[in-house]
Amino acid sequence: MDSPSKRRKKNDSKPVSVSHRSLDFFFRKPSQQSESNGQPTRNEVVTKAQLPAPGHDESNSGQPLTDEELARKLQEEWAKEDAERTGIQNGHTSPTLVEDREHDTENDKDEFVASVLEEDGAAGQLPEGNKKGLLGLQSTASEEDKITLTVPFDQSPLTFEPAKYVTELKRNWGADWGDASYALLVRCFVLVNSTQSRIKIVDTLVNCLRVLIEADPESLLPAVWLATNSISPPYISLELGLGGSAISKALKKVCGLDGAGLKNLYDKHGDAGDVAFEAKKKQSFTLRKPKPLTIKSAYQTLVKIANSKGHGSVEQKQRLVDRLLQDARGPEESRYIVRTLVQHLRIGAVKTTMLIALARAFQLSRPEGADFPIRNPAELAKLKKEDLAVVWSKAEEVVKTCFARRPNYNDLVPGLLEVGVSDDLLLRCGLTLHVPLRPMLGSITRDLSEMLTKLQGRDFSCEYKYDGQRAQVHCDDKGKVSIFSRHLEVMTEKYPDLVALVPEIRGDGVSSFILEGEVVAVDRNSGELRTFQTLTNRAKKDVDISTIQVDVCLFAFDLMYLNGEQLLDRPFRERRGLLRSMFIEKEHHFTWVKSIDATSADSETVLEFFKSATDIKCEGIMVKVLDNLPNADLINPDEDLNDDSPAPPVPAPVTLSKKGKKGASKTKASDQKEDKEKGTRRKALLATYEPDKRLDSWLKVKKDYATSADTIDLIPVAGWHGQGRKAKWWSPILLACRNPENGSLEVVTKCISGFTDKFYQANKEKYAEGGDNTLGSMPSYIESPYQAPDAWFEPQEVWEMAFADITLSPTYTAAIGLVSDERGLSMRFPRFLKVREDKSIEEASTSEFLAGLYRKQEARIKMQGGGQVVGEEEDEGEEE
Ligand code: ATP
């Protein structure tokens, strides 16, 4: 998730100054040191970090060791470990250590020198062979990468010159096999995190990417993964599989904290990364000199963690996490490596920002030896703002289109490095079987009349909107089937019955295909639809086809690929025709979504169809434009050309893109956009399939909207102990919406209404005090007028909420600046409706959505002659 604003204010990209201490300081008696500064002593650090029983010689008499003895003992252990790692001691190489050697360089041991022991002459007392490469009480201050701190990543990309910094950076990276340092990326993260300006965030990312493109292109891909806080696309299951305890253990070990010290920091900061930052800040010395992390090594370690499976994997993962934390130089690197490990990077470089940054970076930079054209920044700087926006948006459209069709940076980034932002890139990123494309999305319409107005002049199809799970089914010419969810996760194992169905539904002329439909739980005999809830009872994995309890039917609605050819550019009427003619229905197993074709003139038929949909428990209807061209017969010559309704001009009809035809399909959505940009008043709604786009050519009309009961999807973030009967539960519960601009969660309302006792009970168990899902203090990314509820919840679920109306609030600050500069928004009589199992917190409603609801409400009131709704803070709703 994005970065919270509060955190940003605290961040500081300046190097942290750490005082140097003499060896004597560390060898003083622990009590003396504790007295001296109240901090955990270095001795404690050393002891807890490395030995099971602090200060005790377990092998010997059980007597406490003197500090010096302890240091020597540790030194020997480290020496042994290092010797083993390099295979010197036993004359052979241990297989498990080979991996580690990738991480270590030959001169690792030399780097251990410069220890305080040596400075103080203590090394002289060591056996000759142990003088080098042994225990080094190493000042952490000297380890921070200061060169990267000078790179002004936050400059405008049009004035930033990567070449100015490349030589020095490369010299600095030389010791690490020339790989770009992790410090470089962290420098970028810190700058991104210190601003709320989207422009600055993008600029900073662009500049960082450009430095990598020009100085170390091989580190670009791992950098992109790290910046987007992922290691693989959703359809490749590669999970870090780390529990919180692995990070706590590593922090204790590496930073020398004990349980209480760690808990204190957690309670104070709430964010694991911030805890690491503080812990590292307190740590002045490490036992060994960190081996500087590079972007590649950090990413590879994450992949190793994810890949370590089976017996011994817990220990192996722990070792890798420890190593990452050990090697993180300084507090900021520690903060971000830990945030990465807990998969909560919070720098706002989510997918869209990254795609924009990549598109722009490759307009300005290319790797050594590449010859694709790039732009001259000085020339771009001369352009008018609008013209520059067009240059950027064209490039962004190409990159976004590629990623929507092939959502994997492993495909996109190497492509960009080779051919830049070009038609060739589009060709490389065509649809591929068994790689899910990002689904097209539907725009919300308030009600049927709004839908009919929007689609005037067009032929459209109304389809039942089934309440199930979206499924993208891929089948290749060998009959191999993959099924993907709306969020691109693999669901093949969840639906073996659908896999088995494919040979039956595939008509004779079909070799390979990608189709889309809604999987709905049904009664196998009657075909009656079951609820979404029923469908959720099916296990997610390893479903045994012989023991299936929840029967499903696939209601197909689109065909995106057929017999080696992508159909995205064909109008919906044609795709649907192919779907229905090339595939075979099987009763109560596989069929088409129920639909009617209509125009805006058929309002009564459409209304009836809508009612029939809701009667059989569908959520409403989906309405889809059938053809690219408006129906000339439906255009009213007297129509007001200033309104927003769809009509000509219309781009030339789209023909099927032939495989290999350059740039065949890049511009459909941008055409719509460009029409607008050119000042054309009419939107040219196309009937093409636009992956990852929410356009008006697909409209959803839900029954909720029809009764004009808007709902909002909020995240529960805190609770108070209930009163009376509810004393054992959380009530009220505090809810927040998302601010995608800065990554914060903005508290909107308290709710006590709509919950059953059973729900309250489950909620209390989920957010048990002191449990894994509650936090000790207010997370920094929360914006709340209430600073001290009884418990803060780890944000993790989305609740659909009803409400009486949205109010301008004297208390809450959610959506402040969007409707009013002084007041935020809240809601009266909020009522819990249901948990949105299908939504992750990144999909909760935004503050902009909340503002939109308010504006809509105001417009309605105005039409009815009413006044503005200003809050009286009745936000808790009526008691059950
Ligand atoms: P969205 O998926 O649009 O971002 P959302 O998760 O809230 O929003 P809905 O508002 O429920 O989803 O509507 C879209 C979903 O409806 C689709 O993703 C799909 O799963 C489902 N659906 C059901 N019937 C159809 C249909 N005939 N055509 C397209 N989608 C359908």
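Bear in mind that the values here come from a model prediction, so they are computed numbers and not experimental data. As the structure lists them, so they are numbered: ligands from 1, and atoms in each ligand from 1.
Using a 4.0 angstrom heavy-atom cutoff, E843 does not count as in contact with ligand 1.
Atom NZ of K594 sits in a sparse spot, with 12 or fewer heavy atoms from other residues, nucleotides or ligands closer than 6.0 Å. For NZ of K617, the number of neighbouring non-hydrogen atoms (other residues, nucleotides, ligands) closer than 6.0 Å is 12 at most.
With T432 as the partner, the side-chain hydrogen bond (donor to acceptor under 3.5 Å, both in side chains) test is satisfied by one option alone out of R406, H474, Q566: R406.
Between K856 and D710, at least one side-chain nitrogen of the basic residue sits less than 4.0 Å from a carboxylate oxygen of the acidic one, meeting the salt-bridge criterion. Salt bridge absent: E493 and K541 never bring a charged side-chain N and a carboxylate O closer than 4.0 Å.
For the pair R694 and ligand 1, the shortest N or O to N or O distance falls below 3.5 Å. Taking distance alone, with nitrogen or oxygen atoms compared against 3.5 Å, Q469 stays at or beyond that limit from ligand 1.
Using a 4.0 Å cut-off between heavy atoms, K702 contacts ligand 1 through its side chain alone, with no backbone atom that close. Proximity of E518 to ligand 1, defined as any heavy-atom pair under 4.0 Å, is confined to the side chain (atoms from C-beta onward). Of the heavy atoms in R836, only side-chain atoms (C-beta onward) come closer than 4.0 Å to ligand 1. Residue-level proximity to ligand 1 for Y464 is carried by the backbone, the only part with a heavy atom below 4.0 angstrom.
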Legend entry - side-chain hydrogen bond (donor to acceptor under 3.5 Å, both in side chains) assessment of Q456 paired with S600: CA-CA 5 Å; Q456 254 175 45; S600 294; 5.5 Å; no

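Heavy-atom contacts of V593 reach the following atoms of ligand 1: 27 (N) (cutoff under 4.0 Å). Of all the atoms in ligand 1, the ones that sit under 4.0 Å from a non-hydrogen atom of K839 are 7 (O). Those atoms of ligand 1 that come under 4.0 Å of a heavy atom in K624, given as number and element, are 26 (C), 28 (N), 29 (C). Those atoms of ligand 1 with a heavy atom of E619 less than 4.0 angstrom away are 11 (O). Each of the atoms 1 (P), 3 (O), 5 (P), 8 (O), 9 (P), 10 (O), 12 (O), 13 (O) of ligand 1 lies under 4.0 Å from some heavy atom of K700.
Scored by the ring-ring contact (aromatic ring centres under 6.0 Å, His included) test, Y409 finds W225, F403 as partners (sequence neighbours excluded).
Residue pairs meeting the salt bridge (charged side-chain N to carboxylate O under 4.0 Å, His left out) criterion with at least one member in residues 596-608, sequence neighbours excluded, are R576-D597.
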